[in-house]
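Since we're looking at a predicted model, the values are computed, not measured. Quick note: numbers below take in every heavy atom, side chains included, and nothing from hydrogens, waters or symmetry partners.
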Amino acid sequence: MSAVRRRFPTAPQPWIDLSTGINPVAYPVAQLPPEIWSRLPTREAEQALLAAAARRYGISDPATIVAAPGTQALIQLLPRLMPRSRVAIVGPTYAEHELCWRRAGHDVSVVPDIVEASGADIVVLVNPDNPTGRLIDPRTLRAVETALLVVDEAFIDFLPPEASLAGDLPANTVVLRSFGKTYGLAGVRLGFAVAPARFARRLRDELGPWAVSGVALEIGRIALDDEAWLQAAAVRLAADQERLDALLIEAGFTIRGGTTLFRLGEHRQATRLVDVLGQQGIHVRAFADRPTWLRFGLPANQEGFRRLTTALSRHPDSRGYDPRESG
């Protein structure tokens, strides 16, 4: 955001950051016991968190769950644990997957469909995808023949449980689950890998002791067990998603996909709209390789929706977009 603020120094404050897929209404964190800040994280606190994660994700054995300081840490770690391999990444998707596997020396290709990943030693995908929202049926994923299948389920929490592989994990699979996105607490830095027990032990050993802070262990445990909050958040987010879709369509976008936490729109003037929105103190996610795409997170409140509506209306060519004209 610092670079964006420098680019638009006269933009109204406060900035509205819609560039991420993070729940804009965070879980309400209660006051924590003082000793959590002053002592090292305990094994008992970690076990309590893993038990809560097992209940939340429908996993029978907490020993197959590894807590980490965010799923990004796991995305960076996994490629370093595997011998040099042919890796197929189903894309377009979150760029860090490709970057981390390439950086570790693997032979990486990005394929448009899971079928085209056939023959790879390792297959990586985000399900539902970021940014397209593409969702692959778990039955299809279970049929993938590969040495290792990595499924990043960062945006799956608001889908039915059967959409996830975590509760009935295939033997060759590692599933990644994000805490911060769903609960709006990205700064807590907490994520999980679900893996066969032997691989889970290896991940845990590589992360080392005290990988997750005591604060994250406690906040995660409380939030993951709060089913009422999650259900209320799902209702609110679904309504806001529909409202955002309507707003974008009114502004001339074609909705290309997304999830409950973000929407992907296409507009022939997307590049220009980034500037229009930036001048109004609103930051969205653009894509250099797909200049007609913009990804919008959900505004947090009425004021956020009002400012986005006003900003989009300032663009003279924001309506009447036919995606066929972009070809």
Side-chain angles (χ1 to χ4, degrees), residues 21 53-66 71 74-75 78-79 81-82 85-94 96-98 101 106 108-179 181-182 191-200 203 224 227 230-231 234 237-238 241 255-264:
R55 289 189 291 271
R56 173 68 191 88
Y57 302 142
I59 297 168
S60 59
D61 184 4
T64 63
I65 309 174
V66 180
T71 51
L74 294 163
I75 289 170
L78 282 170
L81 298 183
M82 302 302 296
S85 305
R86 294 169 299 161
V87 180
I89 298 175
V90 183
T93 195
Y94 181 51
E96 284 292 317
H97 286 288
E98 179 183 358
W101 286 97
H106 297 276
V108 179
S109 60
V110 178
V111 298
D113 188 89
I114 191 70
V115 174
E116 297 191 38
S118 176
D121 304 310
I122 298 170
V123 177
V124 181
L125 70 147
V126 181
N127 201 47
D129 183 51
N130 171 23
T132 67
R134 176 201 63 238
L135 183 65
I136 299 177
D137 191 304
R139 292 171 295 184
T140 299
L141 296 178
R142 293 181 190 283
V144 174
E145 296 182 0
T146 187
L148 179 66
L149 174 66
V150 179
V151 184
D152 182 347
E153 295 184 345
F155 294 98
I156 209 166
D157 282 310
F158 295 108
L159 293 177
E162 55 268 23
S164 171
L165 287 176
D168 186 16
L169 193 73
N172 66 335
T173 302
V174 174
V175 168
L176 305 180
R177 296 293 290 254
S178 170
F179 173 82
K181 293 179 179 65
T182 298
F192 301 94
V194 186
R198 181 177 297 180
F199 198 86
L203 284 172
L224 287 167
E227 186 66 24
L230 190 67
Q231 290 180 3
L237 290 166
Q241 173 198 314
I255 304 300
R256 286 302 183 202
T259 70
T260 305
L261 290 172
F262 64 82
R263 310 306 290 159
L264 179 65

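- A salt bridge is defined here as a Lys NZ or Arg NE, NH1 or NH2 lying under 4.0 Å from an Asp or Glu carboxylate O, and D157 with K181 fails to meet this definition.
- Residues P128 and G133 approach most closely at CB-O, 3.9 Å, considering heavy atoms.
- A117 approaches A88 most closely through the heavy-atom pair CB-CB, 3.8 Å.
- Checked by atom type and distance alone, the side chain of H106 pairs as donor or acceptor with a backbone atom of P79 at under 3.5 Å.
- With hydrogens and angles disregarded, no donor-acceptor distance shorter than 3.5 Å links the side chain of R177 to the backbone of V194.
- In this structure, OG1 on T173 lies 11.0 Å from CZ on F199, to the nearest 0.5 angstrom.
- T259 contributes a side-chain N or O that, together with a main-chain N or O of L261, makes up a donor-acceptor pair within less than 3.5 Å.
- The heavy-atom pair separating A63 from A200 by the smallest distance is O-CB, 3.7 Å.
- Remark: D152 CG to L176 CG distance equals 5.0 Å, nearest 0.5 Å.
- S118 is linked by a side-chain contact (heavy atoms from CB on, under 4.5 Å) to nothing, counting only residues two or more places apart in sequence or in another chain.
- Rounding to the nearest 0.5 Å places CH2 of W101 at 11.0 Å from CD1 of I75.
- For the pair E98 (side chain) and V108 (backbone), a donor-acceptor distance under 3.5 Å is absent.
- Minimum interatomic distance between V174 and A193 (heavy atoms only, all atoms of both residues): CG1-CB, 4.3 Å.
- A donor-acceptor distance shorter than 3.5 angstrom exists from the side chain of T146 to the backbone of D121, with no hydrogens or angles considered.
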Given V111 and V90, is the side-chain contact (heavy atoms from CB on, under 4.5 Å) satisfied, shown in steps?
CA-CA 5 Å; V111 298; V90 183; 4.2 Å; yes
After noting the C-alpha distance and the side-chain angles of L135 and N127, does the key distance pass the side-chain contact (heavy atoms from CB on, under 4.5 Å) rule?
CA-CA 6 Å; L135 183 65; N127 201 47; 3.6 Å; yes
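- Of all non-hydrogen atoms in P92 and R134, the two that sit nearest each other are O-NH1, 4.4 Å.
- None of D129, V144, D113, I114 except one satisfies the side-chain contact (heavy atoms from CB on, under 4.5 Å) rule with I136; the exception is I114.
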Can you check side-chain contact (heavy atoms from CB on, under 4.5 Å) on R142 and L165, steps first, answer last?
CA-CA 8 Å; R142 293 181 190 283; L165 287 176; 3.6 Å; yes
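- Considering CZ of F158 and CD1 of I156, their distance stands at 12.5 Å, rounded to 0.5 Å.
- One distance of note links CG of N130 with CZ of F155; it measures 4.5 Å at 0.5 Å rounding.
- Counting non-hydrogen atoms of other residues, nucleotides and ligands closer than 6.0 Å to CD of E145 gives a total of 12 or fewer.
- Residues M82 and V87 are not in side-chain contact: their nearest non-hydrogen atoms beyond the backbone lie 4.5 Å or more apart.
- The CD1 atom of I59 lies 9.0 Å from the CZ atom of F192; values are rounded to the nearest 0.5 Å.
- Using a 4.5 Å heavy-atom threshold, the side chains of L125 and T93 count as separate.
- Checking each of I122, V124, V150 against L78 for a side-chain contact (heavy atoms from CB on, under 4.5 Å) leaves exactly one that passes, namely V150.
- Across R263 and G258, no two heavy atoms sit closer than the pair NH1-C, 3.4 Å.
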